[in-house]
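Working notes, structure below.
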2 protein chains.
Amino acid sequence: MIFVKTMRKLDLFEKGQQEIAAIAKVMSHPARIAILQFLAATPTCISGDISDFLPLSRTTVSQHLKDLKHAGLIKGEVEGLKIKYCLNKKGIEKMKQLFGDLLEEITPEEEKNCS
Amino acid sequence: MIFVKTMRKLDLFEKGQQEIAAIAKVMSHPARIAILQFLAATPTCISGDISDFLPLSRTTVSQHLKDLKHAGLIKGEVEGLKIKYCLNKKGIEKMKQLFGDLLEEITPEEEKNCS
DNA sequence: TTCTAATGACGCAAACATACGACATAGACT
DNA sequence: AGTCTATGTCGTATGTTTGCGTCATTAGAA
């Protein structure tokens, strides 16, 4: 493997670090947060009225949905012409555990503080 | 405010969504995760042997440290020529709470699942 | 069959992130 | 003063993300 100066070096890190970074990246845009919240709050797993709900074009929302789906945080289910989206319990749980473990690991103990 | 086609629309979202997205963005690179873990594991808040520890150039690590500092997750303290870095308890706690609240909010209840 | 509506895929332009070498600075040590 | 060392800043090349318009597809309606 040849590394050019500007090549990303993500894979030089540990698998756990890569995993949490990947899931954090998905959460790093307010639109995707908003989509997750919308799906959590909407009892009937309604499809792309998500586009109407967000201040973004339908195309852009579709893109964000793809990212969320790819990360395993949501699921899509065809229902005639429309598509029902909803949270993927398994993916959300996974994320919860990843973040939980990390946050526990990096909780500072008082005596280690510099100032 | 004029929006060109390609302008980011981050500020069209709610403040809470922006906050969590911003903190998630900081966590979205394995190098920064690794730095936080290193600081948590190193009792003596050691400075830039972080660069030696990571498979990145000193300049790049410095950049990541700046990002973490800017996000309030770490602190730097000058000590003669060297600089002691360590976790910022307050920032870590804040992140913990933000993620905790969100994860609780988007926890799917069984009956809402599509499939 | 033909029309319409919901959606994803493709491709572009602007903005942003990553990585690094080269330079600048500032403390410590002759 | 000069020199070395630890560090940050700047510029720059390349890669990635965001946002959207346009197109193709597919399911239902007429």
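As a basis for the values below, the full set of heavy atoms in this structure was taken, side chains included, without hydrogen atoms, waters or symmetry mates. Each chain gets a letter, A, B and so on, in the order the sequences are listed, and its residues count up from 1.
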Comparing G80(A) with H29(A), nearest DNA chain D nucleotide closer to 5' gives the residue H29(A)
Whether K25(B) contacts dA17(C) is assessed here as follows: a side-chain N or O lying under 4.0 Å from the phosphate OP1 or OP2. Is that the case?
yes
| Is the shortest side-chain N/O distance from Y85(B) to OP1 or OP2 of dA6(D) below 4.0 Å? | no
Flag for T107(B)-K96(A): side-chain donor and acceptor within less than 3.5 Å
yes
Q: Would you kindly say whether T60(A) and S57(A) are connected by a side-chain donor-acceptor distance under 3.5 Å?
A: yes
Interatomic distance, [X] [atom1] vs [N] [atom2] [rounded to whole Å]:
{"X": "K66(B)", "N": "dT18(C)", "atom1": "NZ", "atom2": "P", "result": "12 Å"}
{"X": "D67(B)", "N": "dA19(C)", "atom1": "CG", "atom2": "C1'", "result": "12 Å"}
{"X": "F13(A)", "N": "dA19(C)", "atom1": "CZ", "atom2": "P", "result": "7 Å"}
{"X": "K82(A)", "N": "dA5(C)", "atom1": "NZ", "atom2": "P", "result": "12 Å"}
{"X": "M27(B)", "N": "dA17(C)", "atom1": "CE", "atom2": "C1'", "result": "17 Å"}
{"X": "I50(B)", "N": "dT7(D)", "atom1": "CD1", "atom2": "C1'", "result": "12 Å"}
{"X": "R32(B)", "N": "dT18(C)", "atom1": "CZ", "atom2": "C1'", "result": "9 Å"}
{"X": "K69(A)", "N": "dT7(C)", "atom1": "NZ", "atom2": "P", "result": "12 Å"}

Query raised in the report: Got a sec: does the CD of E14(B) have more than 12 other heavy atoms crowding it under 6.0 Å?
Result: no
Shortest non-hydrogen pair, A71(B) vs V26(B), comes out as CB-CG2, 3.6 Å
Minimal heavy-atom distance between D67(A) and R32(A), with the atoms involved, is OD2-NH1, 3.5 Å
**Prompt:** Is any side-chain heavy atom of I50(A) less than 4.5 Å from a side-chain heavy atom of T42(A)?
**Reply:** no
**Message:** Between N88(A) and G72(A) (side chain of the first, backbone of the second, donor and acceptor by atom type, cut-off under 3.5 Å), is there such a pair?
**Reply:** yes
Per atom distances to the L81(B) side chain, the nearest of dT5(D), dG19(D), dT7(C) is dT5(D)
Note: contacts of residues 54-65 of chain A with DNA chain C (heavy atom, under 4.0 Å) are R58(A), T59(A), S62(A)
